[in-house]
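Please read the structure below before turning to the comments.
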Amino acid sequence: MLFRSADLIGARVEAIEGRPTDEVPAALATLRGGTPAFRQSFAQEVVYSSELLHGLGIAASPAQSTWTFRTADGKTLVRTLTGAEPPYD
């Protein structure tokens, strides 16, 4: 069985829900206190959480979000991905 998203291997994330990739982690970082590096690390860990994206008004649904990718050969791919629950401490 082939990996169903094999065409995304090596692709770069261009946008999440139409927002540039630098905006989303910045919004997620506002959910935690601490140093800027700690908040950035937190944002990287939870960026795949549709629930958090929805709570911040980024994603329309708490169950999924739409991601835009650019492949190595320059093609743009748009995928709706099911969110995952981030590891909470």
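In this text the structure is predicted, and so the values were computed from the model without any measurement.
- Every side chain to side chain contact (heavy atoms under 4.5 Å, CB included) that L81 has, sequence neighbours left out, goes to W67, F69, R79.
- The list of side chain to side chain donor-acceptor pair (under 3.5 Å) pairs with a residue in residues 8-17, not counting sequence neighbours, reads R12-E14.
- You'll find the side chain of S50 stays beyond 4.5 Å of the side chain of P62, heavy atoms only.
- Between V47 and V13 there is no side-chain heavy-atom pair separated by less than 4.5 Å.
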Determine whether T76 and T71 satisfy the following criterion, side chain to side chain contact (heavy atoms under 4.5 Å, CB included), listing intermediate values before the conclusion.
CA-CA 7 Å; T76 299; T71 64; over 6 Å; no
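- Within the 3.5 Å criterion, the main-chain N or O of G34 finds a donor-acceptor partner in the side chain of R39.
- For the pair L53 and V24, the minimum side-chain heavy-atom distance is below 4.5 Å.
- The CG atom of L77 sits 9.5 Å away from the OG1 atom of T68 when rounded to the nearest 0.5 Å.
- Listed here is the closest heavy atom pair of A29 and A43: N-CB, 4.0 Å.
- The distance from the CD atom of Q64 to the NE2 atom of H54 is 11.5 Å, given to the nearest 0.5 Å.
- Listed by chain and number, the residues in a side chain to side chain contact (heavy atoms under 4.5 Å, CB included) with T35 are A37, F38 (sequence neighbours excluded).
- V78 and L8 fall into different hydrophobic clusters, where Ile, Leu, Val, Met, Phe, Trp and Tyr are joined by side-chain heavy atoms under 4.5 Å apart, directly or via other members.
- Remark: T66 OG1 to I16 CD1 distance equals 10.5 Å, nearest 0.5 Å.
- Without hydrogens or angle criteria, R70 side chain to G74 main chain gives a donor-acceptor distance under 3.5 Å.
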